[in-house]
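Whatever order the structure lists ligands and atoms in, that order sets their numbers, starting from 1. Heavy-atom basis, side chains included; hydrogens, waters and symmetry copies ignored.
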Amino acid sequence: MQVFTKPTQNEIKMAAKSLRDGNLVAFPTETVYGLGADAVNEKAVSRVYSAKGRPIDHPLIVHISSVENLGKWAIDIPDYATKLANEFWPGPMTLILKKSELAQEFITGGQLSIGLRIPNQQVALKLLEEFEGLGGLGVAAPSANRFGSISPTTASAVEIELSSFLGSEDLILDGGQCMIGVESSIIDCTKATPVVLRPGAVSVEMIESATGFGVLLNSIKSDTKASGLLETHYAPKAQVTLGMRTEPGDGFLAFADIPTPIGTVRLASPKNNEEYAQVLYSALRLGDQFGLKHIVVVEPTGEGLALAIRDRLHKAASGKTRRREALDLQP
Ligand code: TXA
Ligand code: MG
């Protein structure tokens with residue numbers, strides 16, 4: 001595996017060629033780093049699943065460079081989805097649409113829908129353009145982490161996650177830190193009205209004002225499968241506890257105006273929701289690098305991006321004993 005730091009146009013061209021040859025290329029997007037494969041190459045896509053250790057029935061998002069390519073991958077696109085695409089692409093939004101024949105089972109996890117996204121990041125867009133220039137139709141890319149772990153927001157985090165699972169021909173494009181820091185909003189557009197399967201930087205309020213529809217959030221009735229909807233996901237090795245109850249030696253993550261409790265290790269001090277999202281995963285990773293057992297996190301309140309941050313934090317914390325509850329049980 002080779003790393004191209006601040007890749008030149010020529011290196012991005014080489015990466016596009018490598019993708020077309022069936023190799024894997026990890027690349028930056030504005031949300032998190034993705035692990036890319038040619039979306040019509042079954043062998044390359046199966047290598048993505050094995051590098052991630054991801055169950056094969058969890059579908060991948062196909063990344064394209066322009067709205068013109070949407071019709072290749074999706075059919076019966078509702079008007080409200082077209083509105084969303086025109087309004088928010090390139091951007092941190094994935095649309096789930098009825099799939100065309102091009103979208104084969106090995107991409108969709110056997111489902112009849114396909115996830116599509118145009119990322120808003122220069123390296124990613126150039127890579128996709130070069131790839132399409134070589135006859136490519138789309139790049140399948142899940143977040144470039146092992147299954148269940150935290151998405152990487154830097155190239156070095158990709159290396160930590162995946163270097164032992166990538167081959168000598170595979171590449172990592174290092175485009176610096178991701179601007180947004182949490183994964184794209186996933187919007188199921190296979191129903192009469194939009195359903196948010198994963199909240200992100202394109203907020204419920206933004207979707208409602210672009211489409212004129214009320215938006216359902218993480219509908220339990222949804223029959224689609226998103227691994228981001230599993231109870232425990234986006235989790236560091238440390239136990240994440242929400243609230244303010246700390247013990248000496250804990251990691252601590254909260255807004256800058258909340259003082260660091262005595263004896264804890266401050267992992268980040270974001271000043272607003274945008275900064276919070278941007279540093280969230282690197283702060284949790286730092287806790288693991290320090291070998292901390294617990295990380296106590298004070299969540300942001302409110303709507304918009306705060307909802308996406310809380311969603312990830314709840315998943316990082318769930319399925320594990322919450323110290324607060326455990327302590328509250330004691331006399
Ligand atoms: O921001 C992002 O979306 C990043 C960057 C790399 O684009 N990608 C990403 O991919 O987060 P991934 O695979 O880690 O998460 C995508 C989620 C998964 O939970 C997957 O199951 C779900 O989207 N998904 C993909 N296709 C779907 C479909 N047809 N129906 C329902 N869920 C789908
Ligand atoms: Mg993921």
Side-chain angles (χ1 to χ4, degrees), residues 24-37 39 45 48-49 51-64 73-74 81 88-100 103-121 123-125 127-128 138-153 157-158 161-162 173 175 178-191 194-202 218-219 222-235 277 281 308 311-312 315-316:
L24 306 188
V25 175
F27 61 96
T29 80
E30 78 279 38
T31 57
V32 300
Y33 274 73
L35 178 63
V45 169
V48 169
Y49 280 91
K52 277 185 65 86
R54 178 171 175 148
I56 50 160
D57 61 347
H58 287 253
L60 302 183
I61 297 171
V62 173
H63 296 67
I64 52 179
W73 290 97
F88 300 118
W89 276 347
M93 175 185 78
T94 297
L95 299 182
I96 306 294
L97 295 158
K98 211 161 139 189
K99 75 173 199 71
S100 72
Q104 294 184 59
E105 216 167 83
F106 58 82
I107 284 288
T108 63
Q111 300 188 56
L112 297 174
S113 60
I114 176 86
L116 292 157
R117 173 161 117 83
I118 305 178
N120 186 18
Q121 207 279 359
V123 173
L125 282 173
L127 178 69
L128 293 169
V139 174
S143 53
N145 53 280
R146 294 284 290 169
F147 184 67
S149 168
I150 309 168
S151 297
T153 52
V158 176
E161 286 282 328
L162 294 181
L173 299 181
C178 298
M179 283 302 290
I180 290 180
V182 292
E183 304 82 357
S184 62
S185 312
I186 300 183
I187 310 169
D188 183 354
C189 301
T190 63
K191 313 265 157 42
V195 179
V196 171
L197 300 181
R198 181 174 72 183
V202 171
N218 269 2
S219 165
S222 172
D223 48 6
T224 45
K225 185 175 226 156
S227 42
L229 297 181
L230 292 177
E231 217 181 275
T232 307
H233 214 71
Y234 311 112
Y281 290 151
D311 170 75
R312 306 309 190 275
K315 279 167 187 143

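- Every residue meeting the side-chain contact (heavy atoms from CB on, under 4.5 Å) condition with T94, not counting sequence neighbours, appears here in chain and number order: I61, I96, R117, S184, I186.
- Near I114, with a cut-off below 4.0 Å to any heavy atom, the atoms of ligand 1 are 29 (N).
- Listed by atom number, the atoms of ligand 1 under 4.0 Å from I61 heavy atoms are 3 (O), 8 (N), 9 (C), 10 (O), 16 (C).
- Considering backbone and side-chain atoms alike, T29 places every N or O at 3.5 Å or more from each N or O of ligand 1.
- Counting only non-hydrogen atoms, the option in A141, S184, G34, G109 that gets closest to atom 8 (N) of ligand 1 is A141.
- With contacts defined as side-chain heavy-atom distances shorter than 4.5 Å, the pair R312/P199 qualifies.
- Here is the list of ligand 1 atoms found below 4.0 Å of a heavy atom in S113: 28 (C), 29 (N), 30 (N).
- When all heavy atoms of T108 and S113 are compared, the pair lying nearest together is CG2-O, 3.3 Å.
- Closest approach of Q111 to P59, counting heavy atoms only: NE2-CG, 3.3 Å.
- Listed here is the closest heavy atom pair of F27 and A124: CD1-CB, 3.9 Å.
- Between L128 and I64, the closest heavy-atom pair is CD1-O, 3.4 Å.
- Residue R54 holds the heavy atom nearest to atom 18 (C) of ligand 1 of all those in R54, E30, H58.
- Put simply, the side chain of V48 reaches to within 4.5 Å of the side chain of P142, judged on heavy atoms.
- Below 4.0 Å from some heavy atom of H63 lie the following atoms of ligand 1, by number and element: 5 (C), 6 (C), 7 (O).
- An N or O contact shorter than 3.5 Å is missing between Y33 and ligand 1 by distance.
- The Mg ion (ligand 2) has no N, O or S atom of S151 closer than 2.8 Å.
- For ligand 1, none of its N or O atoms has an N or O atom of K52 under 3.5 Å away.
- Residue contact check for ligand 1: K99 places no non-hydrogen atom closer than 4.0 Å to it.
- Counting all heavy atoms, side chain and backbone alike, S151 lies closest to E183 at OG-OE2, 2.5 Å.
- The option with the heavy atom closest to atom 24 (N) of ligand 1, from among S143, P59, G115, is P59.
- Near R198, with a cut-off below 4.0 Å to any heavy atom, the atoms of ligand 1 are 2 (C), 3 (O), 9 (C), 11 (O), 15 (O), 16 (C), 17 (C).
- Assignment of I186 to the shell around ligand 1 is supported, since a heavy atom sits closer than 4.0 Å.
- Q121 pairs by the side chain to side chain donor-acceptor pair (under 3.5 Å) definition with nothing, not counting sequence neighbours.
- If you take CG on L125 and OG1 on T29, they are separated by 10.0 Å, rounding to the nearest 0.5 Å.
- Residue E183 places no N or O, backbone or side chain, under 3.5 Å from any N or O of ligand 1.
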